[in-house]
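All values below come from the heavy atoms of this structure, side chains included, with hydrogens, waters and symmetry mates left out.
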Amino acid sequence: MTEDDERWMRLAIEVARSKGSDPADAPLGSVIVRDGRVIAAERNQTEELPDATAHAEMMAIRRGCEASGELELRGATLYSTLQPCGMCTMASIWSKVGRVVYGAGREDVHPMYFEAKHIDTLSFIADAYREDIVIEGGCLRDECASLYYPPDADLSFEEQANL
């Protein structure tokens with residue numbers, strides 16, 4: 001990871017915190033950077049819209065494509081405070097993002113933030129039909145993980161969003 005990666009991840013954390021500090025609200029933040037400038041910065045908006053596909057990464061990809069006027073985001077890096085789910089991973093592949101950098105991984109947070117049946121997004125990218133995409137995790141891992149419930153949090157079923 002570079003200093004620039006940490007800088008952009010700090011912005012993603014700031015974007016995530018704009019939703020509030022309650023980990024039950026899944027405060028994810030995502031930033032897309034190309035040529036050293038931010039082309040999109042979005043947070044999770046599933047409840048507000050309501051739209052199950054309005055994850056931070058999906059919203060950032062939409063805004064990045066709108067801002068650039070292009071369907072493809074070649075050469076761009078997508079920063080996410082949490083390891084992307086299967087849907088967001090696939091969107092990254094289809095939009096031709098060149099690199100995905102995430103903070104906390106699924107082992108760093110409560111299982112409620114991921115699909116019940118795990119899709120190994122890291123292997124999925126490695127096996128994708130694109131060989132020009134890179135995914136790296138652990139950028140400001142602890143700061144990102146602090147946005148969410150820890151892996152061993154004792155939560156009632158009603159408190160768990162994805163289960």
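- Arg99 is linked by a salt bridge (Lys or Arg N to Asp or Glu O under 4.0 Å) to Asp5, Glu136, counting only residues two or more places apart in sequence or in another chain.
- Take Arg17 and apply the salt bridge (Lys or Arg N to Asp or Glu O under 4.0 Å) test, not counting sequence neighbours, and it matches no residue.
- With sequence neighbours left out, Pro150 forms a side chain to side chain contact (heavy atoms under 4.5 Å, CB included) with Asp152, Ala153.
- Under the side chain to side chain contact (heavy atoms under 4.5 Å, CB included) criterion, Glu72 pairs with Arg74, Lys96, sequence neighbours left out.
- With sequence neighbours left out, Glu143 forms a salt bridge (Lys or Arg N to Asp or Glu O under 4.0 Å) with Arg10.
- A distance of 9.0 Å separates CG of Asn44 from OG of Ser80, quoted to the nearest 0.5 Å.
- Among residues at least two apart or in separate chains, side chain to side chain donor-acceptor pair (under 3.5 Å) pairs with a member in residues 58-67 are Thr53-Arg62, Arg63-Glu66.
- A search for side chain to side chain contact (heavy atoms under 4.5 Å, CB included) contacts involving Asp154 returns nothing, not counting sequence neighbours.
- Ser30 meets the side-chain hydrogen bond (donor to acceptor under 3.5 Å, both in side chains) test with no other residue; sequence neighbours excluded.
- Partners of Glu70 according to the side-chain hydrogen bond (donor to acceptor under 3.5 Å, both in side chains) rule, which considers only residues two or more places apart in sequence or in another chain, do not exist here.
- Under the rule for a side chain to side chain contact (heavy atoms under 4.5 Å, CB included), Leu71 has no partner lying at least two apart in sequence or in another chain.
- Legend: residues meeting side-chain hydrogen bond (donor to acceptor under 3.5 Å, both in side chains) with Glu3, ordered by chain and number and at least two apart, are absent.
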